[in-house]
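Computed from a prediction, not measured in an experiment: that's the story for all the values here. Computation of the quantities below employed the complete heavy-atom set of this structure, encompassing side-chain atoms and omitting hydrogens, waters and symmetry-equivalent molecules. Positions are given from 1 along the sequence.
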Amino acid sequence: MTTTRKRHPRVALSTAHLLLPIALVAVCAAPARAQAPLPPWHQGISEERKQRAQSLFAEARELHRRMMLAEARAKYEEALAAWDHPELRLYLGRALRSIGLPLLAHENLRLSLRWGPGSLDPELEQEARAALRALVERELAAIEIRCDEPGAVVLLDGQPWFVGPGAERRMVMPGEHVITARKNGYFTVVKPVVALAGKEASGQLALSVDTVVTRQRWAAWIPWATLGAGAALGVAGGVLAWRAEADHRATQKRLQDICGSGCEPLALAAGGDSVLENRLAIGAFIAGGATVITGTVLLFMNRPQSTRTEDRGGVKVELRPAASLDAAWLSARFVF
């Protein structure tokens, strides 16, 4: 007992020495814990907005239990307007799926997971991922399009989607959808795409330049050369006709001097060179006239004609199984 009394102060003192550093660490760590960053969905949200969202969330859950799904949806959306909380997104996704709005349900379930693991309780996170996978594989389709043309505006079902260059992927309801691409100076591409449930229609979009090209049937010199040849033949015919006339007169004068008035000069000159030259002149006139007519026709037919360039644009689409958040892409592809 005496020994015990003597050692007790020492034991208490040494214990105090051991606990003092731990207490100091705890005191120093307290401000650090207090200054730890809040989750993203808490940042910038006042307590008043949080309380309002929680109150609306409670009302929505009660309506949901009573299967008043339209009213529950409205309350969930009102609560989300006050506070965009992952769990609110999950519950709204449940209601939308029950109503029969898989596309909106998919969007809200996706947003409930956008902050990564830990934003939901493990069970709720597993539920959200399973629901997303089921929607992608059974009720929805996907369209992914790439366009490498800068400035090209791509539309999906007439609504603006994205501007090239780039690629975008969107979940859609199964059925026929229309992809349109536009750019000034290019042919407009319009491509209907049939999206099947559980499949992804993936494609590459290409635009071709829309220009007006001026063409001629033949080289420009051909009609003019033909006209020139016709004119040359006409000139040659004129020269031959002039020489024939000159030779004819010279022959007649020479014969007149020889025969005097006792013979017929025209009869004697019937076989002279002037006759041949006259025939050649007539042939040159005929050939030249025909050539000029041909050149004129060629010149008319060779007028410049404006034509548009051929549209070589379009979308090459292939169909493959759609991937969920946890599924890998499959390699099987079906091109159509």
Side-chain angles (χ1 to χ4, degrees), residues 39-43 45 50 52-145 156-157 159 161 167-177 193-202 319-332:
W41 57 90
H42 279 275
Q43 296 176 7
I45 306 297
K50 290 180 181 178
R52 173 171 171 75
Q54 290 170 353
S55 175
L56 291 168
F57 178 55
E59 294 179 30
R61 289 203 62 184
E62 180 60 28
L63 292 168
H64 201 159
R65 291 191 194 95
R66 293 162 57 187
M67 296 305 293
M68 300 174 67
L69 299 178
E71 293 81 357
R73 173 192 176 182
K75 288 293 181 182
Y76 284 134
E77 291 175 343
E78 192 176 350
L80 277 169
W83 187 14
D84 194 346
H85 193 284
E87 195 167 341
L88 278 171
R89 289 284 181 188
L90 172 63
Y91 277 87
L92 177 57
R94 285 180 183 172
L96 291 169
R97 192 178 181 190
S98 299
I99 293 172
L101 299 172
L103 197 57
L104 290 175
H106 178 276
E107 179 64 12
N108 281 276
L109 291 170
R110 183 187 67 80
L111 290 174
S112 73
L113 298 170
R114 69 183 182 275
W115 284 299
S119 57
L120 292 171
D121 292 338
E123 291 184 1
L124 293 179
E125 181 176 341
Q126 185 177 1
E127 176 194 342
R129 292 185 180 277
L132 274 175
R133 190 182 309 111
L135 286 170
V136 170
E137 294 175 356
R138 300 172 192 171
E139 300 183 50
L140 296 176
I143 296 178
E144 182 177 15
I145 295 295
L156 179 61
D157 295 331
Q159 300 299 317
W161 189 6
E168 289 290 336
R169 182 177 187 267
R170 178 174 290 184
M171 301 303 299
V172 296
M173 293 297 295
E176 184 175 275
H177 299 269
V193 175
V194 177
L196 304 178
K199 304 291 183 181
E200 178 184 272
S202 176
L319 195 65
R320 59 188 179 187
S324 64
L325 292 177
D326 301 323
W329 292 105
L330 300 181
S331 58

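Taking every heavy atom of both residues into account, Ala141 and Leu196 meet most closely at CB-O, 3.1 Å. Heavy-atom minimum distance, Leu90 versus Ser112: N-CB, 3.9 Å. The heavy-atom pair separating Pro102 from Leu135 by the smallest distance is CB-CD2, 3.7 Å. Of all heavy-atom pairs spanning Ala60 and Ala72, the tightest one is O-CB, 3.6 Å. Across all their heavy atoms, Ala197 and Arg138 have their closest contact at CB-O, 3.6 Å.
Between Leu56 and Leu80, the closest side-chain pair of non-hydrogen atoms is not below 4.5 Å. Taking 4.5 Å as the limit, some side-chain heavy atom of Leu156 sits within range of a side-chain heavy atom of Val172. For the pair Glu200/Glu144, a side-chain contact is recorded, criterion being any heavy-atom separation below 4.5 Å from C-beta on. Within the 4.5 Å cutoff, the side chain of Tyr76 has no heavy atoms near those of the Leu96 side chain. Contact annotation: the side chain of Leu132 approaches that of Leu113 to within less than 4.5 Å [non-hydrogen atoms, C-beta and beyond].
Here CZ of Arg133 is found 12.0 Å from CG of Leu109. Values are rounded to the nearest 0.5 Å. With rounding to the nearest 0.5 Å, the separation of NE2 in His64 from CG in Leu92 is 9.5 Å. To the nearest 0.5 angstrom, Leu124 atom CG is 12.5 Å from Arg129 atom CZ. In this structure, the separation between CG on Leu104 and CE on Met171 is 13.0 Å, given to the nearest 0.5 Å.
Ion pairing between Glu71 and Lys75 fails under the 4.0 Å rule for side-chain N and carboxylate O.
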| field | Residue pair Trp115, Trp41: steps toward the ring-ring contact (aromatic ring centres under 6.0 Å, His included) verdict | value | CA-CA 9 Å; Trp115 284 299; Trp41 57 90; 5.3 Å; yes
| task | Determine, stepwise, if the pair Tyr91 / Asn108 fulfils side-chain contact (heavy atoms from CB on, under 4.5 Å). | result | CA-CA 9 Å; Tyr91 277 87; Asn108 281 276; over 6 Å; no
| request: Given side-chain contact (heavy atoms from CB on, under 4.5 Å), test Glu168 with Ile145 step by step and report yes or no. | output: CA-CA 6 Å; Glu168 289 290 336; Ile145 295 295; over 6 Å; no
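Annotation for Arg65: atom CZ counts as buried by contact number, over 12 foreign heavy atoms lying within 6.0 Å. Counting heavy atoms of neighbouring residues, nucleotides and ligands inside a 6.0 Å radius, atom CD of Glu123 does not exceed 12 of them. In Gln126, the CD atom is not crowded: 12 or fewer heavy atoms of neighbouring residues, nucleotides or ligands sit closer than 6.0 Å.
Considering Arg169, His177, Arg170 as possible partners of Ile143, the one that fulfils the side-chain contact (heavy atoms from CB on, under 4.5 Å) test is His177.
Under the side chain to side chain donor-acceptor pair (under 3.5 Å) criterion, Gln54 pairs with no residue at all, not counting sequence neighbours. Checked against salt bridge (charged side-chain N to carboxylate O under 4.0 Å, His left out), Arg66 has no partners two or more places apart in sequence or in another chain.
Listed for the Arg114 side chain is a donor-acceptor partner under 3.5 Å among the backbone atoms of Leu111. In terms of modelled atom types and a separation under 3.5 Å, the side chain of Ser55 and the main chain of Arg52 share no donor-acceptor contact.
Sequence neighbours left out, the pairs with a member in residues 92-106 that pass salt bridge (charged side-chain N to carboxylate O under 4.0 Å, His left out) are Arg94-Glu127, Arg97-Glu139.
A donor atom on one side chain and an acceptor atom on the other are not found under 3.5 Å apart for Lys50 and His85.
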